[in-house]
Amino acid sequence: MPELPEVETIRAGLEPHLIDRTFERVEIVDPRLTRPHDPREVAAELEGETVVAVERRGKYLVLRFETGRVLLIHLRMTGSFRLLRVADDDDPYRRAVVRLDNGSDVVYRDVRRFGTWLLLEPDELDPYLATRLGEEPLGRALTARSLADRLARRRAPLKAVVLDQRVFAGVGNIYADEALWWARLHPLRPACELTPEELQNLVRGIRRSLRLGIARQGATLRDYSNADGAAGGMQAEFRVYGRDGEPCFRCGHAIEKTRAGGRGTWYCPGCQN
DNA sequence: CTTTTTCCCTGGACGC
DNA sequence: TGCGTCCAGGGAAAAA
């Protein structure tokens, strides 16, 4: 499930192959991908566009074109890219194929078909993201102080708030659990009750887990791999995610699983308070 | 305003 | 082996 570190790894892998390349031919195989827009129209609009930047915002991939238009891609659960000399027509999970002007194919795959491609005009990107995303957790704008204001009225479990993209853009279920372990914070604590010191720990924990994820090129559980097909290594670094019953690396207490924010949540009852 | 619930999808795990 | 059931989860939308 691509979260910020996985999307960043994919972005970095795609960038050198896409910069200055023109979309020569675009085929949208799965009409769900561009919903509610007509896939044929989107494909036609994309043909002839030249990529000038490959960026990431939260869990979104942002392909910027010379015309100022933007292709905003969200991989959701199982979306992935594969750079191939020639696309494999037999691949049942192939949802879109872009033929570049150098003859190579960029294949978009997605088992569960939750991913989305949205073509936006130059002035549409900022308003679209503004209502959905908060600060980049690895950016300078996110501080314990700014968090205090944002969380003041949030009585929901801390885990649910950490998953809120308007608070921490790009943090998903894996890195939320890992961040709370690093921060020694219990996932069911009401978010508004954190002390300034705990907020500082939360910011540090989130940054630590995300940076570790990027350094390990993301976590590969089942579907995820980067654009070259390589798996990530973050799964070997998990402190709590998926480890129920196993001992905490910090205090030895058995890791427990619960539910928070509608998501499976792993934590250590011994040292997360 | 915040919070919760439902839905979208598929494949893998598990019980019988 | 072959069913049926549950689970995984990001985010949109509706409901509370």
Side-chain angles (χ1 to χ4, degrees), chain A residues 1-8 10 28-37 39 56-62 72-80 91-96 108-118 120 124-125 127-134 136-137 147-180 187-194 206 209-210 213 218-225 232 234-235 238 240-245 257-266:
Chain A
M1 46 223 77
E3 305 180 27
L4 188 154
E6 287 76 24
V7 179
E8 179 58 29
I10 291 166
I28 309 288
V29 181
D30 179 6
R32 284 194 56 89
L33 187 60
T34 58
R35 218 170 53 163
H37 304 289
R56 179 197 58 74
R57 182 76 173 86
K59 297 173 197 167
Y60 288 95
L61 272 174
V62 182
L72 188 64
I73 297 169
H74 201 300
L75 305 168
R76 285 300 205 281
M77 305 304 301
T78 52
S80 68
D91 180 355
Y93 305 122
R94 179 174 121 277
R95 310 300 183 196
Y108 174 75
R109 309 179 72 245
D110 190 356
V111 172
R112 275 144 93 172
R113 305 169 68 205
F114 279 5
T116 54
W117 283 23
L118 183 60
L120 295 171
E124 293 175 329
L125 180 68
Y128 185 90
L129 293 181
T131 60
R132 290 167 172 81
L133 298 182
E136 284 293 319
L147 260 189
D149 293 333
R150 298 229 57 172
L151 302 194
R153 280 163 298 281
R154 304 293 297 266
R155 255 193 283 249
L158 181 57
K159 168 72 180 279
V161 175
V162 170
L163 286 174
D164 187 340
Q165 300 301 292
R166 291 164 304 172
V167 182
F168 300 105
V171 176
N173 203 39
I174 291 173
Y175 293 92
D177 281 0
E178 295 297 306
L180 291 178
L188 299 180
R189 283 274 297 281
C192 58
E193 288 179 9
L194 267 58
I206 284 173
S209 72
L210 292 176
T220 297
L221 296 181
R222 191 170 295 143
D223 302 286
Y224 166 78
S225 64
M234 179 62 193
Q235 61 281 359
F238 288 164
V240 284
Y241 186 86
R243 295 191 65 241
D244 44 316
K257 183 183 184 183
T258 182
R259 259 190 117 68
R263 300 288 176 252
T265 297
W266 288 268

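Quick caveat, the model's predicted, so the values are computed rather than measured. Chain identifiers are assigned alphabetically (A, B, ...) following the order of the sequence lines, protein sequences preceding nucleic acid strands; residue numbering begins at 1 within each chain.
- Checking C:dG9, B:dG11, C:dG11 against the side-chain heavy atoms of A:Arg112 singles out C:dG9 as nearest.
- Among the protein residues, A:Lys159 comes within range of no part of the nucleic acid, since none of its heavy atoms lies under 4.0 Å from any strand.
- Residue side chain A:Arg263 does not reach the base of C:dA8 through any donor-acceptor N/O pair under 3.5 Å, judged by distance alone.
- Residue A:Arg166 has no polar side-chain atom (N or O) positioned under 4.0 Å from OP1 or OP2 of C:dG10.
- Stacking between A:Phe114 and the base of C:dG10 is present: ring centres sit under 5.5 Å apart and the planes differ by under 30 degrees.
- Atom CZ of A:Arg112 sits about 6.0 Å away from atom OG1 of A:Thr78, to the nearest 0.5 Å.
- Closest-nucleotide positions on DNA chain B for A:Gly261 and A:Arg153 were compared, and the one nearer the 5' end corresponds to A:Arg153.
- A donor N or O paired with an acceptor N or O is not found under 3.5 Å between the base of C:dG9 and the side-chain atoms of A:Arg76.
- Between A:Gln165 and the phosphate of C:dG10, there is no side-chain N or O to OP1/OP2 separation shorter than 4.0 Å.
- A salt bridge links A:Asp164 with A:Arg154: the distance from a Lys NZ or Arg NE/NH1/NH2 to an Asp or Glu carboxylate oxygen falls below 4.0 Å.
- One finds no side-chain N or O of A:His74 lying less than 4.0 angstrom from the OP1 or OP2 phosphate oxygen of C:dG10.
- Both A:Arg113 and A:Val161 lie near DNA chain B, and the one whose nearest nucleotide falls closer to the 5' end is A:Val161.
- When A:Asp244, A:Asp177, A:Thr258 are each tested for a side-chain hydrogen bond (donor to acceptor under 3.5 Å, both in side chains) with A:Trp266, only one passes: A:Asp244.
- In this structure, a donor-acceptor pair under 3.5 Å is absent between the side chains of A:Tyr60 and A:Gln165.
- Between A:Leu158 atom CG and B:dT3 atom C1' there is a gap of 16 Å when expressed in whole angstrom units.
- Using a 4.0 Å heavy-atom cutoff across all strands shown, A:Arg95 reaches no nucleic acid atom at all.
- Note on A:Tyr175: nothing from the nucleic acid sits closer than 4.0 angstrom, heavy atoms only.
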Decide salt bridge (Lys or Arg N to Asp or Glu O under 4.0 Å) for A:Lys59 and A:Glu3; before the verdict, give the C-alpha distance in whole Å, the side-chain angles of both, and the deciding distance to 0.1 Å.
CA-CA 6 Å; A:Lys59 297 173 197 167; A:Glu3 305 180 27; 5.8 Å; no

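- Checking B:dT10, B:dT3, C:dG9 against every side-chain atom of A:Arg154, the shortest atom distance belongs to B:dT3.
- The side chain of A:Ala156 has B:dT3 as its nearest neighbour among B:dT3, B:dT10, C:dG10.
- Within 4.0 Å of A:Gly262, counting heavy atoms only, lies no atom of the nucleic acid at all.
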